[in-house]
**Q** 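Take this structure first; my questions come after.
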Number of protein chains: 2
Amino acid sequence: MGTTQLETVPEPKYWHLKTVLSEALDSEFSVGEILPNERDLAARFGVARATLRQALEQLELEGRLQRRRGVGTTVAPPRVGVAVGTEQHVWPGAPGDAWQPVDCARTAVPAAVADALGTGRDEPVHTVRRSRTTHGRPVAAELLYVPSASVPDLSAIDTPSGPARARAVLRELQRLELEGRESAVELGSARADDARELDRLPGAPVLVVTTRYIADGRVAALSVATYRADTCRLTFGDSGGVEIHHGPHSRAS
Amino acid sequence: MGTTQLETVPEPKYWHLKTVLSEALDSEFSVGEILPNERDLAARFGVARATLRQALEQLELEGRLQRRRGVGTTVAPPRVGVAVGTEQHVWPGAPGDAWQPVDCARTAVPAAVADALGTGRDEPVHTVRRSRTTHGRPVAAELLYVPSASVPDLSAIDTPSGPARARAVLRELQRLELEGRESAVELGSARADDARELDRLPGAPVLVVTTRYIADGRVAALSVATYRADTCRLTFGDSGGVEIHHGPHSRAS
DNA sequence: CAGTGGTCTAGACCACTTT
DNA sequence: AAGTGGTCTAGACCACTGG
């Protein structure tokens, strides 16, 4: 009875497996190296493939691995830091921002978006699609919703569709005075269209950054940006992408 | 040949299932309601339990469901917004912050933490454990690393251990002048100890917020805060917890 | 084409909570 | 004890990539 609480809890196999693999990745593999295939790995560890996959899934979630169908499993590079909260209050599309306009449409929007914008449910808004890349790799896809009221001088008829129109909308936005910005980050899973753009499978974990741009006391624009959760570390504060080695998630305590 | 690209892609069963369930949640269930158990649901939809679980997993990841072993699956309330980037530059532990000191130890730290702090690998630092709750529910667990150099006047011998000592360390911190703060958010999975504190299973998805507090040109403290990804929406900017209904992840486009 | 990861099945047992 | 979600198995087939 004088014994300290004995660890009677049998650790799940996949959890233990994950630890073992994680240590092996640190010591025996280098970035970009490809691991043995899942069937071999499972056999080597004496577990079913599904169990092995459960461990790999977590490691991928933590950004340690990258798996591609038809290709294999590789050791992922450290996550890249992408700045999302630059202190300067600027509109999207301001010179030097990291986004590239892709397209623009004028459509009805999801109810949640309409509510956040304070527009009517069926009132069409400009929907600008943009994408963001780092080191040549796509890291985020954005939908920017701009109510017509925010860009009153836009001649909708003249401007062509596609990137040019997107740029026109962004240009008009700059004319407003930006009063503030409110952002939120949450976990989500990639919709089919975002997944395609991010070079991932639908349902892949993403960090969704929702930003409301305030001008004239209203929400003048709403941005919903979808970042790859496996490869990105979102930074905000004074500086952009300073290194903290690897994230401290799931290390042995 | 003149046909537009026919959707020859068969949507995975679990993906379709997720959509169906998601719509059912919106229309036929209310927050807190318990769903039928997994075996029944699987039978009802004519799929294996594992497939059904794959759909439930994603819905839980998106904060739509909450599952507890031995109890059941319930409809989750909307995510709570928790502020992580208040504009005021204040030290952790400043009056009115949302955290509660739990414990404090003086230990060696993980290599990644030592590197970020700029201390030696085996140099012990004060490690303060704090927890954060909202509406009575635990939402985050934090480890705050404070090098001895940041709190030189702390009499390590006199102060008792536990919360009192944690408060003493925090109190000493306030005496430094805070010059800046850099934060980053990334996806991780809960370590065993964090999981226990967050009332989740080990490996549960979490949002890891790493913050470096700068004073005197050095990193004076490093905070690693682990937020429940299923229940939290991290907000930063001017205001704290304004409502945007539900996150816009995984809605039909 | 062979080899990879992704999906799916039908079953078993375990850990946990509640009654 | 009964019922829940969590883990695990051993197999099958599919979708995709590359030579």
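Lettering of chains follows the sequences in order, A, B, ..., and the numbering in each one begins at 1.
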**Q** Please state how far atom CZ in Arg196(B) lies from atom C1' in dC16(C), giving the value in whole angstrom units.
**A** 16 Å

**Q** Would you say Asn37(A) places a side-chain N or O within less than 4.0 Å of OP1 or OP2 belonging to dT4(C)?
**A**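 Result: yes.
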
**Q** In this structure, how many angstroms lie between the P atom of dC8(D) and the CG atom of Leu56(A), rounded?
**A**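 For the pair Leu56(A) CG and dC8(D) P, the rounded distance is 14 Å.
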
**Q** Is it true that a side-chain atom of Asp97(A) and a backbone atom of Gly93(A) form a donor plus acceptor pair closer than 3.5 Å?
**A** yes

**Q** dC8(C) P sits how many Å from Phe45(B) CZ, rounded?
**A**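 Atom-to-atom, Phe45(B) to dC8(C), this comes out as 14 Å.
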
**Q** Measure the CG-CD distance between Leu207(A) and Glu186(B) for me, rounded to the nearest 0.5 Å.
**A** 9.0 Å

**Q** Checking all strands, does Arg68(A) fall into the base, sugar-phosphate, or nothing category for heavy-atom contacts under 4.0 angstrom?
**A** sugar-phosphate

**Q** Classify Leu201(B) by what it touches in the nucleic acid, base, sugar-phosphate, or nothing, heavy-atom distance under 4.0 Å.
**A**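 Contact class for Leu201(B): sugar-phosphate only.
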
**Q** Do Thr51(A) side-chain atoms and Val47(A) backbone N/O form a donor-acceptor pair below 3.5 Å?
**A** no

**Q** What is the distance, rounded to the nearest whole Å, between atom CD of Glu57(B) and atom C1' of dG6(C)?
**A** 14 Å

**Q** Who passes salt bridge (charged side-chain N to carboxylate O under 4.0 Å, His left out) against Glu38(B), sequence neighbours left out?
**A**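 With neighbours one apart ignored, the set is Arg49(B), Arg53(B), Arg67(B).
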
**Q** Just N and O in the side chain of Arg67(B): are any of them under 4.0 Å from OP1 or OP2 of dT4(D)?
**A**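 For Arg67(B), the contact criterion (side-chain N or O under 4.0 Å from OP1 or OP2 of dT4(D)) is not met.
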
**Q** Polar atom pairs between nucleotides 9-11 of chain C and protein, under 3.5 Å, N or O only, would you list them?
**A**
residue	atom	partner	partner atom	Å
dT9(C)	OP1	Lys13(B)	NZ	3.0
dT9(C)	OP2	Ala48(B)	N	2.8
dT9(C)	OP2	Thr51(B)	OG1	2.4

**Q** Roughly, in whole Å, what's the span from CD1 in Ile34(B) to C1' in dG5(D)?
**A** 13 Å

**Q** What is the distance, to the nearest angstrom, from the CG atom on Leu35(A) to the P atom on dG3(C)?
**A** 19 Å

**Q** Report yes or no: do Thr211(B) and Ser223(B) form a side-chain donor-acceptor pair below 3.5 Å?
**A**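 Side chains of Thr211(B) and Ser223(B): no pair found under 3.5 Å.
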
**Q** For the pair Arg79(A) (side chain) and Ala229(A) (backbone), establish whether a donor and an acceptor sit closer than 3.5 Å, ignoring hydrogens and angles.
**A**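 It does hold such a pair.
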
**Q** Does Tyr14(A) place a side-chain N or O at less than 4.0 Å from the phosphate oxygens OP1/OP2 of dT7(D)?
**A**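 For dT7(D), OP1 or OP2 has a side-chain N or O of Tyr14(A) closer than 4.0 Å.
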
**Q** Does dT4(D) have OP1 or OP2 sitting under 4.0 Å from an N or O in the side chain of Arg39(B)?
**A** no

**Q** Can you tell me the distance, in whole Å, between the CD atom of Gln54(A) and the C1' atom of dG6(C)?
**A**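 The answer, rounded to whole Å, is 15 Å.
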
**Q** Please compare Arg69(A) and Pro12(B) by the position of their nearest nucleotide in DNA chain C and report the one closer to 5'.
**A** Arg69(A)

**Q** Please step through salt bridge (charged side-chain N to carboxylate O under 4.0 Å, His left out) for the pair Arg130(B) and Glu197(B), ending with a clear verdict.
**A** CA-CA 10 Å; Arg130(B) 300 195 299 168; Glu197(B) 193 156 350; over 6 Å; no

**Q** Would you kindly give the CD-to-C1' distance between Glu11(B) and dA15(D), to the nearest whole Å?
**A**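 Those two atoms, CD and C1', are 15 Å apart.
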
**Q** Which comes earlier along DNA chain D counting from the 5' end, the contact point of Asp40(B) or that of Pro202(B), where each point is its nearest nucleotide?
**A** Asp40(B)

